[in-house]
2 protein chains.
Amino acid sequence: MMDTRPDAVKLDGAGPVYDQIRRAIRDLVVSGQWPPGTSVPPEHALMEQLGASRMTVHRALVQLAREGLIIRRRRSGTIVASPPASHAMLDILSIPQEVEKLGQAYAYEILSRSDGKPAPDIAERFGLKRSEKVTHLVVLHRAGGKPHVLEERVIHLAAVPAVATEDFARVPPGDWLLQHSLWSQAEHAISAVGAQSEEAALLDIAIGEPCLLVERRTWNQDRPVTAVRLLYPGPRHRFVGRFGPYGQV
Amino acid sequence: MMDTRPDAVKLDGAGPVYDQIRRAIRDLVVSGQWPPGTSVPPEHALMEQLGASRMTVHRALVQLAREGLIIRRRRSGTIVASPPASHAMLDILSIPQEVEKLGQAYAYEILSRSDGKPAPDIAERFGLKRSEKVTHLVVLHRAGGKPHVLEERVIHLAAVPAVATEDFARVPPGDWLLQHSLWSQAEHAISAVGAQSEEAALLDIAIGEPCLLVERRTWNQDRPVTAVRLLYPGPRHRFVGRFGPYGQV
DNA sequence: GCTTGCTATTTGCATATGCAATTAGATATC
DNA sequence: GATATCTAATTGCATATGCAAATAGCAAGC
């Protein structure tokens, strides 16, 4: 057995007791004073040491377990977890918000629209059956007058019937959908591609210029709602995320 | 006042009661039966309706509130929240894990190493002061014999003294650091760039070919630990993440 | 050695109880 | 009408209690 004499848990008197306990233990873990594998004192011991009831200690520990900092097993006790494979959290803002955050003027333009059964190339690009009725849109978003991102989207009429009577004159499709549709699952994929000729022309860059491609598909209870390809030109654009181990912010 | 007659909460008898309640309400929210703004019945009402104690109901509601699905205020009651700006969660695996997941053989090679004060071009690329001592590494990771990703990394000697005596012969630097260093903050940036000549040669692609560039910097309590640039060739590579509204999985 | 079963430890869950904090809405007062 | 005050609804927190479930470690039996 390893020596697992843990440094004492110290409360700071600020806020609810269960949260003081939670923070105290969290700090011991993230500061490395309790490295992974350290055994956390059992509830009864903490209860005595801290003068709190077992349920209060329990509440703190349950929450830490849900956050992934500790692992609890009946009879075996509680140990500090190893930091899991991290997730990078990237904020997904709507495009108008994104541009506004850059401090630039936002504008958009619907370049094309078609309704009904999809053309073969579109069906293939989005993995659609030819029989599924969709609305297909190409939208150019501008920031400060310059092309910011090229959006190509299909919206499933079965999932969002209201799209048939919407012309997207005032609100771009992404934002409109947030208001007029529901989704329960989404999938993102981020990759780098070279701009094709048409895309390059619209984005005002050279053919083959590297672009960030974000492909997002959303479903509501396994029924597809919308799929979108967002093409961001070159090194101009980057996704940034900040986070801590154990998935914290 | 809006009509806020909520559909009944129904338990399914599977697992702990508090979790049945949590799931039942979560499902009503994510399915849209309780749209944002709907008022959730007060604890006493749910308690009677479900035959559970107030603390049990409370536990479910507290958890839903922490997950951001509902908003609770004393006296005002509980309402369904609006979905927040989403985040895309991307799994960040270590590179060996990443390759293994692809079902390919993993290998890596240290292409260069230098210790001490950084050369000017390196200092600039990573935003270092000339006086900070670092170890600078270039590593090529292969999957199934082919170049998978080119890694360029600096490790701060002040934060990780042990790096001075490690040759990374058995474990690549990224994985080694997970074992031998602590971090409390990290920042990712993902962008698309064209391969420069040297990079292209090492990755066995054409100059200018689009690549995904992941730049990650980590700190421990505001002191820099390591910074890395990972260059993934072309459309071969994509980051994928799945998630739901309200930040769920 | 191997398996089987017992026992004590530790966490998990649910309840009942009581009080504190917040505040919407009603009421009283100016 | 405006303002101050009160009241009651609602959530937040902590405790005490009891039992259930899992299981590590030990003991007994083969």
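Only this structure's heavy atoms are used, side chains among them; waters, hydrogens and symmetry mates stay out. Order of the sequence lines fixes the chain letters, A, B, ..., with proteins taken first and strands second; residue numbering starts at 1 for each chain.
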To the nearest Å, how far apart are [X] [atom1] and [N] [atom2]?
X        : N       : atom1 : atom2 : result
Glu43(A) : dA21(D) : CD    : C1'   : 14 Å
Met47(A) : dT17(D) : CE    : C1'   : 11 Å
Ile79(B) : dT11(D) : CD1   : P     : 12 Å
Leu46(A) : dT10(C) : CG    : P     : 12 Å
Leu11(A) : dA14(D) : CG    : P     : 11 Å
Arg66(A) : dG12(C) : CZ    : C1'   : 13 Å
Ile70(A) : dT10(C) : CD1   : P     : 15 Å
His58(A) : dG18(D) : NE2   : P     : 18 Å

- Relative to the 5' end of DNA chain D, which residue comes earlier, Gly77(B) or Val17(A), by the nucleotide with the nearest heavy atom? Gly77(B)
Phosphate OP1/OP2 of [N] contacted by [X] side-chain N/O (<4.0 Å):
X        : N       : result
Arg72(B) : dT10(D) : no
Thr78(B) : dT11(D) : yes
Ser76(A) : dT23(D) : no
Tyr18(A) : dA14(D) : no

- Task: May I ask you to test the Arg217(B)-Pro224(B) pair for a side-chain heavy-atom distance under 4.5 Å?
- Result: no
From [options], pick the nucleotide closest to the side chain of [X]?
X        : options                   : result
Arg54(A) : dA24(D), dG12(C), dT23(C) : dG12(C)
Pro42(A) : dA9(D), dT15(D), dT10(C)  : dT10(C)
Ala52(A) : dT23(D), dT15(D), dT11(C) : dT15(D)
Ser53(A) : dG12(C), dT11(C), dT15(D) : dT15(D)
Arg75(A) : dT22(C), dT10(C), dT11(D) : dT10(C)

- Item | Arg73(A) (side chain) and dG12(C) (base): donor-acceptor pair under 3.5 Å | no
- Task: Decide yes or no, distance alone: a donor-acceptor N/O pair under 3.5 angstrom between the base of dT22(C) and the side-chain of Arg74(B).
- Result: no
- Looking only at heavy atoms, what is the nearest atom pair of Ala45(B) and Pro41(B), with distance? CB-CB, 4.1 Å
- Item | Salt bridge Arg59(B)-Glu43(B), side-chain N to carboxylate O under 4.0 Å | no
- Less than 4.0 Å between a side-chain N and a carboxylate O, is that true for Arg22(B) and Glu67(B)? yes
- Have Gln104(A) and His148(A) got a donor and an acceptor in their side chains that come within less than 3.5 Å? no
- Have a look at Arg59(B) and say if it touches a base, only the backbone sugar-phosphate, or nothing, with a 4.0 Å heavy-atom cut-off. sugar-phosphate
- Relative to the ring of Phe168(B), is the ring of Trp176(B) parallel (under 30°), tilted (30 to 60°) or perpendicular (over 60°)? perpendicular
